[in-house]
Structure formats: structure tokens, C-alpha cells
Amino acid sequence: MPPLRTRTPRTSARSRMDEVGNEKNVVPQPSSAGIFSDDEDADEPVDIAQEDFEETSVWNGAVTIIGYAVLYILGCIRDKLGNIGLLDTSHIPRESPDQKDFTPLYKSFEAFYTRHMYRRIRDCWNRPICSTPGAVIDLIDRKSDNHGWTFYNTGTTTKCLNLSSYNYLGFAENEGPCLESAVEAISKYGVSSSSRRTDVGTCALHTELEELVAEFVGKEAAMVFGMGFATNSTNLATLVGEGSLIISDELNHASLVLGSRLTGAKIKTFKHNDMEHLESVLSEAIIQGQERTHRAWNKILICVEGVYSMEGSVVNLPDIVRLKKKYRAYVYLDEAHSIGALGKTGRGVVEHYGMDVADIDIMMGTFTKSFGAAGGYICADKVVIDALRSRSHAHIYATAMSPPVVMQVMAALKQIMGLDGTTIGVDRIKQLADNSKFFRTRLKEMGFIVYGNDASPIVPLLLYMPGKIAEFSREMRLRKVAVVVVGFPATPIVESRARFCISASHTREDLEYALRHIDEVGDKLNLKYKGDTFASA
């Protein structure tokens, strides 16, 4: 295992809309793009760790559970009617009669939720598009003649305001320096190196990107990978193994969960952003040591994310680092949603809190959000990166990152860093910050329950009831606004939500258009739970 070291401390908006129809972390001079403004008093302390998380009321929780119970009962009735031939069951997966003596691969009850709940509202997900994921997006229209089992394209499209894509800084576009750089790379290198990095897959572009990423993040060295998910899932096992302990935030992404399981290390979780609970887990782990032998752990690795994609929450990094130093642990920071989106110059959650990158041992991020591309990176001390190069499955076995994708990332990164001689990057970072805070503030003023931090470009709006998940999505689509809705099992069963992703490519007119229709749908579906005395009882 590699040694982990810590060191001391566009078209106009109007024309588009016409087409669409313990102690608080109080930090002086906050650098977060989600908080700062040009006319702000720099000496005034701002609580940049303040977040909104309203506990689900007893009434909302009870009605939501009742809704799921009704769906379950109706599903059981439909299964019974299907078994006696009164309902068409031809689309339901079954084991082949020829394999009846084999161990079953499929159990009917395991797919009950899919058959009777998800399938009935499947039109709200997996929507195909036929345009770039900019401020406006073209959705391919679909229809189903069998209640969601299968869909077919109608041959038409619908232009919608896009509040769904992770295109935070608007670099996923079909014009400008990013596109020109990607096209140039295709002309020179083709679309693929057709080889892994350890054979003949590494070209000058990969080395240049790694050097640029390391410079941007502020670490000694960096490695890039072709897939963001695999950056976590295949590399954690090179950092820790048996005899080590991973302490993971309970809301960490599936890639971190899978990667942690593949390490063979012991895994413990702590309540989201709960520093008291994290400290109790750390102290207990150090006191008790490894199970059975009670020997000291080889390593203790705290895994957290910069911005949590379902909650819009920002990690409490100052206290994470404080506990890391106190208990001599290491920190693995996933900045998939925070790099480029947080911090005055887009350098992520570390800059957001005005901290030193040397306090973070492993800094991971992806190129799929703020950079409008694909892939991921890991930044750390050179000794760690050198060890990763010789052990990482994603580096040794996977095909190298596509050259045009590399050029897309570099073009976006150079604009963010100002290396192109323009202020496009910092202008977009500030635009994203202003948009995020404006949108979140207006939703709260309307009476919606909204989760997360003002600095986050992810804005979750609570829907609760299962029936409202589909209705909200469909009503917004009718108003030509594309949104993402999320329910169980991706969220707790009583916390279904809509998740808005804000972009620097959105103008104020775009957001006001969306807010106007969200307000209208909120009244229609009775979604304004905030301040509801009965609901909050």
C-alpha cells in the first residue's frame, strides 16, 4: 500500500424563453463564490456552514407512508388478478420453464417495487435528449401504450429550460474554445488511443492535463482517469486494505461505497456532517482497535464529499480536518460536485473555507460537472500518485482517457484559471454563485422546503408523497421545464424530492421563468409545506 503523507500546516435569455414559451464555522472574508459579492463588507463574518435541513413533520411522514401502503396493497391485488388471468402479465420477467430446476435468478417480490411503483411513473426518468445540455435542452418525445413497460419515440421533440444537467459552468456547449479544442484533438489524435495508459495509450495531452490539474488543485501530482465513478471505485483499494478502517459519511456516493467495500478494510459510517458522531466513531475505533486482535489500525481514512448531490449540502471540512489531526487519521475528499463550482476561483470546498490543501491527503474530483466532459482525477503527494500509477486498476487495465475529452477539460480549465487571457472562467463562477443563491432564496420565500447550503448549485425541493413525484415532473414538463425527481430508494422513503441543478448558463430571466412555473405547480400540488402549522405539528 502506498504511504499516505500529511504535510504541516449564447443566445439571449429572452429569445430562449420565447422558444420555450459544536461552534459555528464563522470565517471572515469568505472566499466561497456562493457567499461573496463585490459590494460585500470584507470584514463582516459570514456563517458559510449554515445549512437548511427541516425535519420531516409527523403529518407529512405519516401521509407519505400511507401513500406507499396504498400502492403496495393495490400492487398485491394486481398480482393476484394477473395470476388468475384477469390482467395482462406478458411483460413481467419470469424464469424460463426449461430452467425450473436451476437456482432462480429472479424472484418476483424483488421486482415488486419496480413493477407497481417505478414502472407506472417511468416516463419521468431516462428521458432521451438530442441537443447539448445547455440552459435549454431538446427532449425527445416518447409515448407508452402499455403503462410504462416500453416506450417508443413519436418523432417530435420539446424544447425545455434545463434544470437537470450537471453543467454547472456551462462548458458543455457546441461552440467556443472547448468545442474548437476537442475538434482539433480529433483531427490530430482521433477519438481514442485504443490502449491503456501503461502500454501506448499515454499521449502528451494526458501528461499536460495531469500537470494542469495538479497546479489548479494545489497538490504535487495528479492522475486522470476516463470515468469518474471508477476513479473512486477502483482506486480506494490501492490506498487502504485489510487491517485499515474507513469512516464514511452515511450519504456518500455509491462509487465511494463500492470502492470502500472492495478494499477489504473495515467500514464504519457516521451521521451526515455530524462531527460529534464522527469523533465518537474515531475515538471508539482507536480505543478498541481491530476486531478480535485489538491491534492498532494500519490506517484510518475519513471519506467525505465536498457537495452532496442529493442534499445540496457542503461538507463541514474545518471540523473534519480538526478531527483528522487530533486522531492522526487521513482524509479522502471527493470534489465531484464542488470543484469548479465552489470557491472564488473555482478551486472547490477547500478554497470555500479558506483552508490549506496540504491538510487534505487525497483530493478526488470529476470532469463531468463543471468541466462539461467525462472522467476524473486524484491529486495527492507525488509518492502517493507514483504508487497509484503502479497499482491502480483504472490506470493499468482501462483504456486511456479520450484525447478530445482531454482537450475539452483543458480548455475549460484554462478558462477557469485565466490562462486564456480572459475572465470568462471567473465570470461564470460568480454567475453560478449568484444564480444558486437567488434560486434557493426565492424558493424558500415562496414557502417550499429546500435542503442544503446557499453555496451549492444543487437545490433539492421536498415533495414527500409518492404521487407528487410523478405529478411534479409531468406538470413541469408541460410548462417546458425539465427537472429531475428522486424518490426511494435513492432517498429516504419519506423524503422524495425534486433536485434542481443550477448553471452559469442560466440567466436571471431563465430562473424567473422556472420559478414562476414552480410556484404555480407548487400551489396546484400543495407543495408549500414551510410554515404550515398542521404539517409542522
Side-chain angles (χ1 to χ4, degrees), residues 31-34 48-49 166-169 171 209-210 212-225 227-233 235-236 239 248-249 251-256 259 272-273 301-318 320-321 324 330-380 384-385 388 409 412-413 416-417 425 429 432-433 436 452-453 455-458 501:
S31 61
S32 167
I48 60 177
Y166 295 137
N167 187 19
Y168 295 144
L169 296 181
F171 286 121
L209 177 59
E210 288 175 339
L212 195 62
V213 170
E215 178 186 349
F216 178 66
V217 173
K219 282 291 190 180
E220 287 183 354
M223 277 185 70
V224 297
F225 306 89
M227 181 180 178
F229 189 98
T231 304
N232 277 332
S233 62
N235 285 312
L236 277 169
L239 301 172
S248 178
D249 189 294
L251 298 182
N252 275 347
H253 189 263
S255 59
L256 284 171
H272 176 57
N273 258 354
L301 184 66
I302 303 171
C303 286
V304 292
E305 296 184 44
V307 172
Y308 291 82
S309 61
M310 285 296 174
E311 282 68 31
S313 173
V314 177
V315 65
N316 186 348
L317 195 61
I320 293 284
V321 170
K324 164 221 162 172
Y330 300 101
V331 172
Y332 184 105
L333 175 62
D334 179 343
E335 291 220 76
H337 291 272
S338 54
I339 195 68
L342 263 63
K344 194 167 185 176
T345 62
R347 284 173 167 81
V349 71
V350 177
E351 184 183 44
H352 172 69
Y353 284 109
M355 299 175 64
D356 187 351
V357 294
D359 290 331
I360 312 300
D361 304 288
I362 307 292
M363 300 181 71
M364 175 270 176
T366 65
F367 301 125
T368 53
K369 283 80 178 178
S370 295
F371 304 94
Y377 68 84
I378 287 181
C379 291
V384 178
I385 298 302
L388 279 175
V409 175
L413 195 50
I416 293 172
M417 297 172 71
I429 292 167
L432 173 63
S436 300
N453 191 294
S456 170
I458 298 169
C501 293

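As the structure is a prediction and not an experimental result, all values here were calculated from the model.
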* Report yes if some heavy atom in the side chain of Thr366 is under 4.5 Å from a heavy atom in the side chain of Thr231; otherwise report no. => no
* Atom pair OH (Tyr332) and NZ (Lys324), whose distance is rounded to the nearest 0.5 Å -> 15.5 Å
* So, Asp249 side chain and Asn273 main chain: donor-acceptor pair closer than 3.5 Å or not? -> yes
* Does the side chain of His352 come under 3.5 Å of the side chain of Ser338 through a donor N or O and an acceptor N or O? -> no
* Rounded to the nearest 0.5 Å, how far does SG of Cys379 lie from CG of Asp361? -> 13.0 Å
* Taking all heavy atoms of Leu236 and all of Cys303, pick out the closest pair and write down the distance. => CD2-SG, 4.3 Å
* Measure the CZ-CE distance between Arg347 and Met417 for me, rounded to the nearest 0.5 Å. => 5.5 Å
* Asked: Do Asn232 and Asp334 have side-chain atoms, one donor and one acceptor, less than 3.5 Å apart?
  -> yes
* **Test item: Leu169 and Leu432 side chains (from C-beta on) under 4.5 Å apart, heavy atoms** => yes
* What is the minimum heavy-atom distance between Phe225 and Tyr377, and which atoms define it? -> CD1-CA, 4.3 Å
* Shortest non-hydrogen contact between His272 and Ser313, atoms and distance -> NE2-OG, 2.8 Å
* Out of curiosity, Asn453 CG to Glu311 CD, how far, rounded to the nearest 0.5 Å? -> 12.5 Å
* To do: Could you check if a side-chain atom of Tyr308 sits within less than 4.5 angstrom of a side-chain atom of Val314, using non-hydrogen atoms only?
  => no
* For Ile362 against Ala380, the heavy-atom pair lying closest together -> CD1-CB, 3.8 Å
* Parallel, tilted or perpendicular: which fits the ring planes of His337 and Tyr168, with parallel below 30° and perpendicular above 60°? -> tilted
* To do: Please step through side-chain contact (heavy atoms from CB on, under 4.5 Å) for the pair Val409 and Val224, ending with a clear verdict.
  => CA-CA 11 Å; Val409 175; Val224 297; over 6 Å; no
* Indicate the atoms forming the closest heavy-atom contact of Asp356 with Val350, along with that distance. => C-CG1, 4.0 Å
* Any sub-3.5 Å donor-acceptor pair from Ser370's side-chain atoms to Ile339's backbone N or O? -> yes
* To do: Hey, could you give me the CD1/OH distance between Ile360 and Tyr330, rounded to the nearest 0.5 Å?
  => 14.0 Å
* Distance, nearest 0.5 Å, that separates CG of Asp359 from CD1 of Ile320 -> 12.5 Å
* Close side-chain approach of Ile458 and Ser436, heavy atoms under 4.5 Å -> no
* Asked: When you measure from the side chain of Glu351 to the backbone N and O of Thr345, does any donor-acceptor pair fall under 3.5 Å?
  -> yes
* Structure fact -> What one should report as the nearest heavy-atom pair of Val315 and Tyr353 is O-OH, 2.8 Å
